[in-house]
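Per chain, numbering begins at 1; letters A, B, ... match sequence-line order. As the structure is a computational prediction, the values presented were derived from the model and not from experiment.
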Amino acid sequence: MDSNIIQLILGGLANVFIVLLVAPFFQGVLRKVTARVQSRQGPPIWQPYYDTFKLLGKEDIESGEAPVMQRFSTYLSLASILTVACLVPMGFRTPMNGAGDAILVIYLLTLSGICMLLAGLAAGSTYSLVGISREMMTMLTLEPLFAITIVIAAVHTQSFRLDTILNGAIYQTAGFPVSGIIMLGVMLLSFQAFVARVPFDISEAETEIMEGPLIEYSGPKLAIFKYAQMVKLIVFSALFIGIFVPWGADLVFPFGWLIFWVKVTVLVLMVTVLAATHARYRIDQAIRYFAALLVVGIVALILASNGL
Amino acid sequence: MDARERLNQLKEKFGPAILRSDFPNDSRLYVYVEAQSLKAICRYIFRDLDARYIISIGADDRPYSGDFMVFHDFAFDKDKIILSIITQIPADNPKVDSISDIIPGANWAEREIMDMFGIEPVGHPYPKRLVLPDGWPDGLHPLRKDMDWNHVPKDYDENREFKFGETPPGCTVVPFGPFHPTLDEPEHFRLYVEGEMVRGCEYRGFMVHRGIEKLAETVLSYNDIPMMAERICGICGCVHSVAYVQAVEYAAAIKAPPRAEYIRTIMLEIERLHSHLLWVGLACHLVGFDTLFMQSWRIREPIMWMAEKITGNRKTYGLCLVGGVRWDITPELRGELRQLLDKLESEWIPVVGAVIKDNNIQKRTRDVGVADKQYCKEMGLVGPVARAAGVDIDCRRDHPYAAYDRVDFDVITHDTSDVWGRVVVRAKEVFEAIRIIRQCLDKMEPGPLMLDIPEELPVGRIGISSIEAPRGESHHFVITGENNKPRRWRVRAPTYQNLQGVPGMIKDQMIADMTISLGSIDPCFSCTDRMETIDIRSGETKVWSHEELVSLTKKSLK
């Protein structure tokens with residue numbers, strides 16, 4: 001076999017492995033910092049690992065209406081988000097360079113969202129149906145924002161190649177990168193929603209609809225969904241860093257790598273503090289908020305197609 | 001206008017229909033009326049005299065006078081009068097004209113009378129079961145004197161179900177409860193939802209009714225009941241015990257010593273402090289703002305410690321007996337309480353600031369769960385819900401009890417009628433409670449805690465006591481009886497009325513607003529159901545069937 005391909009596969013697997021390893025740790029950091037903000041002691045930083053192991057070891061109860069679909073959507077949600085992890089640089093260059101382009105990333109991210117819809121639909125509970133209708137509304141207004149960001153980067157470099165897009169292509173204009181700066185603002189303002197945290201955890205809203213789509217899930221399936229959410233936080237952070245703040249990734253091994261994780265930590269802390277200081281939005285308020293951002297995004301897209 | 005003038009008003013209008021009347025003091029008026037003109041009189045009092053409807057109460061008086069009795073209680077808040085319209089219903093034809101069509105807030109009370117006494121409210125708009133379980137046999141009425149307190153009906157039909165109304169076209173049913181993370185206790189709301197909008201709602205509660213009132217009039221004595229009353233609710237227990245003993249004291253025309261009254265006032269306000277802090281935290285949790293939830297509860301905790309120091313318990317103070325209180329506030333505790341209040345005040349100011357300035361919370365609470373002045377009157381809504389709609393009522397000022405006539409405080413009102421208004425009212429009431437406790441500590445003088453009551457309490461007398469609980473007016477009604485126990489004791493917790501107002505508040509709102517709208521009345525289902533909740537967790541993994549659970553319960557009772 002071509003040594004290049006082996007390298008590719010190993011690189012991809014390394015990413016998957018790292019993400020799986022550190023995702024619960026960042027969740028632990030998030031919980032600990034939240035607790036501190038709330039004057040609480042908080043759980044140990046390793047608690048998410050214990051929780052995940054505990055849930056994985058529990059009896060797999062099939063309580064929904066379509067068990068096969070439920071299992072399928074559970075595994076697929078984690079799988080699709082891990083596939084994205086293979087394609088995104090995490091302190092190294094893009095490992096599977098050439099294996100997929102930016103369009104694939106958009107598809108895969110949408111797929112993981114759709115898995116959530118499937119999971120809720122298959123569970124068949126009234127609450128999960130309310131949850132997925134909210135999730136669907138959120139997706140419809142939120143996904144275009146991410147697509148616009150990718151497209152703007154692609155317009156600037158005339159390429160959908162991941163290694164350019166995830167390397168600051170959004171700023172590569174002839175003059176001052178107006179559209180890139182605008183999208184940086186837009187994505188910062190909507191980042192919380194992409195990782196589904198307060199104030200945008202509307203589709204799960206424990207105190208309203210009891211975790212929405214996840215209401216019928218317990219044991220290993222719940223563990224996998226929760227794991228997928230933790231991974232999502234890291235993968236979206238990595239995407240954000242690749243698109244908007246890629247600098248420092250080219251440094252020699254430990255430094256570039258360290259700088260990357262420092263950036264992830266900063267993003268996770270931002271998410272934590274925002275979540276701890278806000279009340280949950282209602283779905284109509286959130287949609288209005290996303291729609292406003294979408295308008296700004298479209299303006300940025302027009303600017304970008306005019307070379308700004 | 002005093003009680004006599006109110007009575008003259010009624011006599012002028014209805015003349016012979018007023019059979020007799022009684023006003024034991026300036027603040028209570030009991031009027032016996034003819035059953036035929038009951039409805040007209042109630043309409044006149046509620047509509048023309050603009051009284052506030054409190055509650056309707058049934059009583060089985062057959063062993064004594066041969067009749068059933070129905071009491072409709074009203075309040076003239078500005079005149080400081082509580083009025084009870086009393087009707088005697090013949091035992092062989094237990095029917096009474098329903099007043100629910102003129103006073104919508106009487107809906108539950110009349111259904112309860114129907115369930116408990118079998119007195120049929122003729123013309124009731126929604127004559128379904130309220131309190132009794134669905135499988136309970138027809139024609140068996142627990143509060144009738146001829147039913148034993150431990151009677152277990154033989155022909156209980158487990159398969160009979162409650163018949164809900166038709167689902168409106170285009171709507172799906174979203175069951176809210178009996179178990180839901182934001183309901184602490186089992187209650188069932190059947191929401192009719194169109195998309196995200198709630199179009200209607202039906203309620204079925206009283207799933208954990210324990211028959212406390214029946215126990216009180218059969219197996220307990222006057223001084224056992226305060227302990228039982230306290231266990232009606234885990235949040236505002238002290239309110240119930242004080243309200244009960246006051247009702248008995250009113251009936252027997254005795255008065256607790258001044259020091260006891262001050263101590264009652266202090267403990268009631270301590271209870272209000274912890275309850276309001278708890279609620280502000282909970283409301284923040286309901287809209288997903290957990291940081292303020294945690295901070296508010298952190299600030300609340302020392303209040304619980306203080307209560308424990310004074311009474312030996314964080315909650316369930318065991319404070320009241322008829323004629324006084326059991327715990328004293330020693331000089332050391334007085335100093336500590338003062339320090340606690342100072343600290344509490346300094347910590348609460350920034351929280352209130354954070355809540356009031358927070359744009360995010362306002363977005364979730366403004367124009368949500370609206371109950372305006374008119375709606376409050378129709379449904380008899382009380383407490384912060386009414387005050388947030390600008391209805392200026394507060395039993396502490398309007399029907400003063402304990403030491404409230406000797407302290408100075410403001411009644412907080414707001415004009416938005418929505419959840420936001422209720423947040424503001426409760427947040428500010430905390431400062432008033434602190435003010436009241438401080439004044440009590442200043443004014444309290446040494447003296448006896450208990451009144452010596454050597455002889456039996458008089459029999460067959462009515463006692464009514466209204467108390468401003470953290471959630472609104474808590475109304476206790478007592479008829480004194482033989483053998484050192486009351487003939488009838490009726491508790492009307494504030495949630496009993498406020499919960500009836502919820503369907504109107506959540507109609508045509510988004511489903512996301514349901515929890516905060518319901519939460520905004522600070523529902524206390526246990527008060528409404530008059531029960532206790534007990535949570536037992538076993539380590540065993542076993543799925544119990546309904547029959548097994550029932551047989552288990554019966555075994556443990558033997």
Do other residues, nucleotides or ligands put more than 12 heavy atoms under 6.0 Å from [X] [atom1]?
| X | atom1 | result |
| --- | --- | --- |
| Phe431(B) | CZ | yes |
| Phe164(B) | CZ | yes |
| Lys428(B) | NZ | no |
| Met69(A) | CE | no |

#### Entry: Contact origin within Ser39(A) toward chain B - heavy atom pairs under 4.5 Å
both

### Minimal non-hydrogen separation, Gln295(B) against Val37(A), with atom names
NE2-O, 3.1 Å

[atom1]/[X] to [atom2]/[Y] distance, rounded to the nearest 0.5 angstrom?
| X | Y | atom1 | atom2 | answer |
| --- | --- | --- | --- | --- |
| Thr291(B) | Arg40(A) | OG1 | CZ | 8.5 Å |
| Gln38(A) | Arg298(B) | CD | CZ | 11.5 Å |
| His278(A) | Asp290(B) | NE2 | CG | 14.0 Å |

### Query
Residues two or more places apart in sequence or in another chain: which of them pass ring pair (Phe, Tyr, Trp, His ring centres under 6.0 Å) with Phe293(B)?
His285(B), Trp297(B)

### Message
For Val193(B), which atoms come within 4.5 Å of any heavy atom of chain A: side chain, backbone, both, or neither?
### Response
neither

